[in-house]
Each structure stands twice: as C-alpha cells, then as structure tokens.
Amino acid sequence: MTPKNCKKIKIIAGIFIFLATCALLFIMKLTSYEVDMKLLVVKPTVVHQRAFTVPGHHQPKQHTTICRYRHLSPEDAQEEHLLLDTSVWPETPHSPTPVDQTSDPAHSTFTILPELGGGQRHVGDHLEALIQVCDFEGHPKNCGGDVLVARLHNPDLHAGVAGRVVDHLNGSYSAVFPLLWEGMAQVEVTLVHPSEAVTVLRRLNREQPDRISFKSLYRSGSVSETSTCNICLPPTEKELCNYTDLHTGDPWFCVKPSRLSCDDRVNHAMGEFKRNIKAQEDKLFRSGVNMKVSIRASGPNIVTALPKENGKPEVSNIMNPGPSGYYYQGVWRALDGRVQQFKNASDVTQCLRGKVLHMFGDSTVRQWFEHLNAALPDLKEFDLHNERQCGPFMSVDITNNIMVNFRCHAPPIRAYPFPACEVRHIANQLDSLPGGANTIVVIGIWAHFGSFPMEIYIQRLLSIRKAVVRLLKRAPATLVVFRTANPKALTLDESLRNSDWYSMQRDKLLRAVFKEMNVKLVDAWDMTLAHYLPHNLHPGPPIIKNMIDVLLSYICGQRSS
C-alpha cells in the first residue's frame, strides 16, 4: 500500500470516528430529554437507570417486579449506602423454619441484673435486664434478630420510660433503662416479632414491593378507565404513563389506559392488598401467641429507686442513644430541655398568635391538625370540600391571626380517591414557602413506605432534606419539626403492610438523614412506647396532648409553666 493511500485511509477513518461520536452524543442527549418529560409514555423495556428486577414468590414464573429509582449523584449514592448501614438488622433464620423452633414469648424470660457492688439503686442510675429468648420447645435460641421493645413504668404515678434493647446475636438481649423517678419501677419486655417473622418481612419488601397496589381513574367525556399505578410494577406489554416529579425526581408510574391519554388522569387511590406469603408463614404473626406478647420475668420484675445521690447526673451516660424523655404524672418530661405545659386553649392561642403552621405528611400528622381544631374554639376550619383523608385542609383564627394547614404527602400515600391535581411532594411545597420567624413547618412521613425497599424512602427523605436546606438558607428563623414513627397495634395484615419492624427501620433513617440539621424532633416512638395506653397507629388523646405540648414548647421557647 502506498503512503498516499494510507493517508487517504487515515482521513476517511478520522471522519468516520468524528461522525460516529457526534451521533452518539446526539442520541444520549435525546434520551436524556425524553426521560425528563413529565408525562412521557415509555415502553416497558425503557426503565430508569437504577431500576432492578426481583422475582415474585407464589406467582407465575414469568412474574417479576420492576422498581424504578431516580438517578442519584455520586454524593447522594454514597450517602444512600451509608444510610442503609444505619438500619442494618442482624441476620435472621432462613425460611422456612419449623414453627416449634421459632421464638416463643411464653418460654422466654428476662432477669433484672443486680446492682454493681450489691448497693441500692438511686435516681440517675441505670437498670439492666437480661432477656433469654427460647423456642416453643423451650430450647434457648442461638441467633438474634427478634424484635423486642421494653419499658420501665409505675402505673400509680403514670410514669414510664422506654428502654433500649441490645441484641447479643446469640438469642440473648439486654434491655437498659434509666431510673428517673423515686419509688417503684416495673420492667416490661415485649416480643413484637420473632426473628423468623423478620425473615418474611425482609423477603416481602425485596420480592413483593407491589403487594399493595394503587390505581388512578382516567376520564374524558363519557369514556373512563381505571389503571394500575406504583413505583414498582410487574412488566407489561402496555405503555406506561410517567408521572415522575420533574423537580424532585421521585418516580411514579401508571399503566397507560388503552383508550385515553396520560393527561386524562383524574385521581389517585389505594388499590388491592395481597398477602403473598408462603404456607405456614401466617403462624409467625399470631396476636396473643408470638406477636406483641409480654415476656415474663424469671424473678422480681420491680425495683425501688431512692432519691438521687449528691453529685450524680440526672441520667447515666451509659445509654447512647438514651430515651428522649419520660412520663411522670402523665406529663412528658424531655431530657434535653423543659417542656412547657399548655393547660388550656388560652395558653395555646397565646403561643400560636401571629403564626402559620404548615403540616405535611400522613394521617399521624393530620391527627395533630384535628387536635388543634378541637382544642381551640376560635380556630375555625374553612371548608374546602376536600376528602377527609388527604385534604388539603385549612383552619384560621382571624382574631389572633393564626392559620393551620394540612396536606398529605405524595404517593405512595394509601388513601381513598382524591384528585390527582392535589398530589404534591413535600419538597415542592417547602420550596413555595417564604418562611420566617412566624412560620412553623411540621412533617411526618413514614407509615406509607413500609412495604417498599429502603432506597425509596431514603430518596424521598433526601429530596425533603434538600428543600429544608433551601428553606432554612433563605429564612433561617423558620422552625422545622419532624414527627417520628410510633409503634402500633398489629394484625397479620397490618404487619405485612407496615409492621413495627418496618417503622423502626425507617425511624432510624429519618433520624440519620436529619441528624446534623437545625430541625427539631417530636419523638413519637418513645412517647408512645413509654405510655400506659395500648399502641395505636393514631395514639390516644393523652399522648397527642403531650406531643402538641412539645411542639408548642419549640415554638414558644422554654418558658416556666
């Protein structure tokens, strides 16, 4: 080959490489543009960059579920990885396990350990109980992973404090409590779930994240259709309507109606719930047998605390993290500051005068809105003619210049049908607020994410955190308060939808995400666990009254009662 021909070949090859590069860049740009369209109709094969497929159990072999995640920056991806580490749970037994070899509270016991040195106990000391979990045959378990909660209480004093449970990974656990009041204190330990039930709950979130379905009505003129919606959907030959939020990137998809447009969506609602559990697994979730059942003491379950010794701190620093507070005479006392008691409507009104409260989240935050409406006779709700689950709602006290709003968070909110035009992401709502010293933001978002992989909840929290950062940057005096998760009454179905174990895991994530920020927490977990009332998704009025007092104390400062 002559040098002249070689030169021609090099020129032609260079032109070809240049044109191929340009074409590739054009395709990448076009793809990026298409993914960002708000109402993009995508083929089932077009999935998000972070979608993954998981096999379903007890379904046809071809059934799989695809969860679509938003794209994360390298920084967010690294933080997501670190956050997942904060909620790591011990390994649990492989399924299936014979029921007789699963954790049984009736055969399990706890023992209060003697005080070091054999001395007397005083306020400010800590109390430790050793728990041994056994199976239905009475044999000690040799692995960890059971879900246990504990509290120390005095029914006569209406006093109570949540304990911290430490898993020793060998079937034994320690429950540690601070001694915070003089007199009698009784230990109570409860098995919420055996470790074998956690195995099931873990598998369901990994393999059946669509076991709670959602739907939307589409309508145009006389034509209407109902479509299945979710973050996680089984593969389908049908096209999908992409309702991923353009600003936050939080995903949501519906199967495109056959005769209507994606723009014809009318509402959002919860659809069906399917258990999708294997044979015999229901026996791991039996109320009164192995779910939310007290464990008996092998000896005394009561101690007596003497007055605090001179020079001792109010609470031993051995508990880290320790409880956020405790009840005494039915009143919540925070350990990191004083909680003012707002004894009547006049006190509450005085605190809220000139303030605007924006409440966002689920029904546990709506409960606060309803409490204020009932407690303040001058606070009148303006009838916006909205459905009573999701709102939005607004109440005003014209005389005292008080406004209280509530709006539910965006899907996967489980609710009766409400207008699709009212679907709002909390992050976007925060970006619309000017903020300021007279603005209070309350956020509670946890209960509706239990059936999904942890990554979906993390992404929602990170979206909200970025919006909180922007809000506090432009209006540093704005008060932002988060309501944490709380334990609830459990049935089999409630456990599969949103077990206390799911809530515990997401509670850890919430605290970790907002740990270093200038926000406040109302610790609903400790406040519900420490109280004498039974656990409830919507805690009873005495607990809510104490939660509102904590909120008002944040708003009005630590005044004397």
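Values below: all heavy atoms of this structure, side chains included; hydrogens, waters and symmetry mates excluded.
Within a 6.0 Å radius of OH in Tyr416, no more than 12 heavy atoms belonging to other residues, nucleotides or ligands are found. More than 12 non-hydrogen atoms from other residues, nucleotides or ligands lie less than 6.0 angstrom from CD of Glu381.
In this pair, Tyr457 and Phe449 present their aromatic rings tilted. The plane angle is within the 30 to 60° band. Between Phe406 and Phe393, the ring-plane angle classifies as parallel under the 30° and 60° cut-offs.
Within the model, atoms CE of Met454 and CG of Asn205 stand 9.0 Å from one another, a figure rounded to the nearest 0.5 Å. A distance of 12.0 Å separates OG in Ser172 from NZ in Lys141, rounded to the nearest 0.5 Å.
Each of Thr484, Asp336, Asp523 was compared with Ser324 under the side-chain hydrogen bond (donor to acceptor under 3.5 Å, both in side chains) criterion, and only Asp523 meets it. Residue His158 is tested with Tyr532, Tyr326, Tyr327 for a ring pair (Phe, Tyr, Trp, His ring centres under 6.0 Å); the sole match is Tyr532. Among Ile402, Asp397, Asp347, the single residue meeting the side chain to side chain contact (heavy atoms under 4.5 Å, CB included) criterion with Leu352 is Ile402.
When atom types are taken as modelled, the side chain of Glu79 and the backbone of Leu462 share no donor-acceptor pair closer than 3.5 angstrom.
Checking His122 against Asp125 by side-chain atom types alone, no donor-acceptor pair falls below 3.5 Å.
Between Lys545 and Asp549 there is a salt bridge, with a side-chain nitrogen of the basic residue lying less than 4.0 Å from a carboxylate oxygen of the acidic one.
Taking 4.5 Å as the limit, some side-chain heavy atom of Leu179 sits within range of a side-chain heavy atom of Leu152.
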Open item on the list: Between Glu281 and Arg203, does the salt bridge (Lys or Arg N to Asp or Glu O under 4.0 Å) criterion hold? Intermediate values first, please.
Closed with: CA-CA 12 Å; Glu281 286 184 341; Arg203 191 195 76 238; 2.8 Å; yes
